[in-house]
Amino acid sequence: MQTHNVLRETFDEDAERYNQFRPHYPQPLFDKLITDTGINADSSLLEIGPGTGQATKPLARLGADITAIELGAALAKKAQQELQQYRNAHIITGAFEGADLPAATYDLIFSATAFHWIKDEDKFTKAAKLLKPEGYLAIIHTEHIYDEKGDAFYTASRPIYDTYWPPKGDSSPPRLPTSHDIQAPYIDSHFFTPKSFTVFPIVTAYSAKDYAGLLSTYSPVIMLPIAKRQQFLADIAALIDTQFAGKLEKHFAFTLTIAQKNRTFRR
């Protein structure tokens, strides 16, 4: 648990880099979220882990009142800058687990690539307590997926990864999933009923420098000693420059899981 807590705090190290390099969520994802939950300008939303506000902004445009709680002080500050034109978006700094938030208040609680960091004992229990009757929980995840063309970069980069994170045993590295392999995350049926699960594949083009910048925002890379971290990123950039003509098309899949608070739930 201590390692888990340390890892989830690493993202605050460089909020500017996080904001620059992390892939942005596609608009169709938010269109479906809005349609399926019925949220509008009169709704009250709570976001868990907004980071720099990349998933906050598309919903702030609705005019709905949004409270977003961010663990990292630097990320929260960057989110406030990014969302300063939206007076309906309010960023608070702290951990969701310990936050003093009003019960039965929110029409929607959403979390983009952050819900898995919440302690298991609080994920669904606290979310259910904070939601209005029959309110919604939306979980967004980001997945690296197979490019359907042999994924030459994934194969070529494995020796580099194995140098910095030696594999355990003789097992071969797992292949990247396709968009069809991805399954919905666990939803505690005592508190919520799953309503929909949708996958949104995208392709993002990176230069060697920009892809190294993206990798520098991931917690396992951040946790490397600085000299090893810099060398790992340099090795990846060199691979892209020498074997992939300095350009990389990276395939991602964003998933949207929507669940509704059970009518039978009682606080």
Got a salt bridge between Asp122 and Lys126, using NZ or NE/NH1/NH2 to carboxylate O under 4.0 Å?
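No salt bridge links Asp122 with Lys126.
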May I ask you to check if Arg158 and Tyr161 form a cation-pi contact, with NZ or CZ under 6.0 angstrom from the six-membered ring centre and within 45° of the axis?
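Yes, Arg158 and Tyr161 form such a contact.
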Minimum heavy-atom distance between [X] and [Y], given as atom pair plus value:
X: Gln231; Y: Tyr164; answer: CG-OH, 3.1 Å
X: Ser196; Y: Asp36; answer: OG-OD2, 3.5 Å
X: Phe21; Y: Tyr206; answer: O-OH, 3.8 Å
X: Ile222; Y: Ser216; answer: CG1-O, 3.3 Å
X: Asp147; Y: Lys149; answer: OD1-N, 2.8 Å
X: Gly49; Y: Ala114; answer: O-CB, 3.8 Å

Set of residues satisfying side chain to side chain contact (heavy atoms under 4.5 Å, CB included) with respect to Gln183, sequence neighbours excluded
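Gln183: no side chain to side chain contact (heavy atoms under 4.5 Å, CB included) contacts found.
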Is any side-chain heavy atom of [X] less than 4.5 Å from a side-chain heavy atom of [Y]?
X: Trp117; Y: Phe96; value: no
X: Leu233; Y: Leu215; value: yes
X: Arg229; Y: Met223; value: no
X: Glu47; Y: Ser111; value: no
X: Phe200; Y: Pro28; value: yes
X: Lys261; Y: Glu134; value: no
X: Lys78; Y: Glu82; value: yes
X: Ser179; Y: Tyr146; value: no

Pairing donors with acceptors under 3.5 angstrom, does anything connect the side chains of Asp65 and His90?
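Asp65 vs His90: donor-acceptor pair found between side chains.
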If we count only N and O atoms by modelled type, under 3.5 Å, do the side chains of Thr56 and Tyr86 hold a donor and an acceptor together?
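No donor-acceptor contact under 3.5 Å links the two side chains.
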Find the distance between [atom1] ([X]) and [atom2] ([Y]) and round it off to the nearest 0.5 Å.
X: Asn262; Y: His190; atom1: CG; atom2: NE2; answer: 8.0 Å
X: His24; Y: Leu29; atom1: NE2; atom2: CG; answer: 14.0 Å
X: Arg22; Y: Thr217; atom1: CZ; atom2: OG1; answer: 3.5 Å
X: Leu176; Y: Asp181; atom1: CG; atom2: CG; answer: 10.0 Å
X: Ile91; Y: Ile66; atom1: CD1; atom2: CD1; answer: 8.5 Å
X: Gln27; Y: Arg61; atom1: CD; atom2: CZ; answer: 6.5 Å

Of Thr37, Leu59, Asn88, Thr67, which is the lone residue that meets side chain to side chain contact (heavy atoms under 4.5 Å, CB included) with Leu45?
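Passing option: Leu59.
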Is there a continuous path of hydrophobic side-chain contacts, each under 4.5 Å between heavy atoms, that joins [X] to [Y]?
X: Tyr218; Y: Phe232; answer: yes
X: Ile118; Y: Leu131; answer: yes
X: Leu214; Y: Phe244; answer: yes
X: Phe191; Y: Ile187; answer: yes
X: Phe197; Y: Ile145; answer: yes

Taking the side chain from [X] and the backbone from [Y], do they hold a donor-acceptor pair closer than 3.5 Å?
X: Asp188; Y: Thr125; result: no
X: Asp241; Y: Ala208; result: no
X: Glu143; Y: Ala253; result: no

Before giving the answer on side-chain contact (heavy atoms from CB on, under 4.5 Å), spell out for Thr198 and Phe254 the whole-Å C-alpha distance, their side-chain angles and the decisive distance to 0.1 Å.
CA-CA 8 Å; Thr198 313; Phe254 296 104; over 6 Å; no
Evaluate whether atom NE2 of His180 has more than 12 neighbouring non-hydrogen atoms of other residues, nucleotides or ligands under 6.0 angstrom away.
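No, because the 6.0 Å sphere around NE2 of His180 holds 12 heavy atoms or fewer from other groups.
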Could you check, using the six-membered ring where one of them is a Trp, whether Phe252 and Tyr25 have ring centers closer than 6.0 angstrom?
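Judged by ring-centre distance (under 6.0 Å), Phe252 and Tyr25 do not meet the cut-off.
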Could you go step by step and tell me if Leu137 and Ile139 meet the side-chain contact (heavy atoms from CB on, under 4.5 Å) rule?
CA-CA 7 Å; Leu137 173 67; Ile139 304 169; 4.2 Å; yes
Would Glu70 and Leu75 count as a side-chain contact (heavy atoms from CB on, under 4.5 Å) if you check the C-alpha gap in whole Å, the side-chain angles of each, and the deciding distance to 0.1 Å?
CA-CA 7 Å; Glu70 171 55 50; Leu75 288 170; 3.5 Å; yes
Pairs of donor and acceptor atoms involving the side chains of residues 100-110, under 3.5 Å and at least two apart or interchain, shall be tabulated with distances.
from: Thr105; atom 1: OG1; to: Pro102; atom 2: O; distance (Å): 3.1
from: Thr105; atom 1: OG1; to: Ala103; atom 2: O; distance (Å): 2.9
from: Asp107; atom 1: OD1; to: Lys132; atom 2: NZ; distance (Å): 3.3
from: Asp107; atom 1: OD2; to: Ser44; atom 2: N; distance (Å): 2.8
from: Asp107; atom 1: OD2; to: Lys132; atom 2: NZ; distance (Å): 3.3

Go through it in stages, so that I can follow the logic: the residues are Thr255 and Ile140, the test is side-chain contact (heavy atoms from CB on, under 4.5 Å), and I'd like the CA-CA distance, side-chain angles, deciding distance and then a yes or no.
CA-CA 5 Å; Thr255 65; Ile140 301 168; 6.0 Å; no
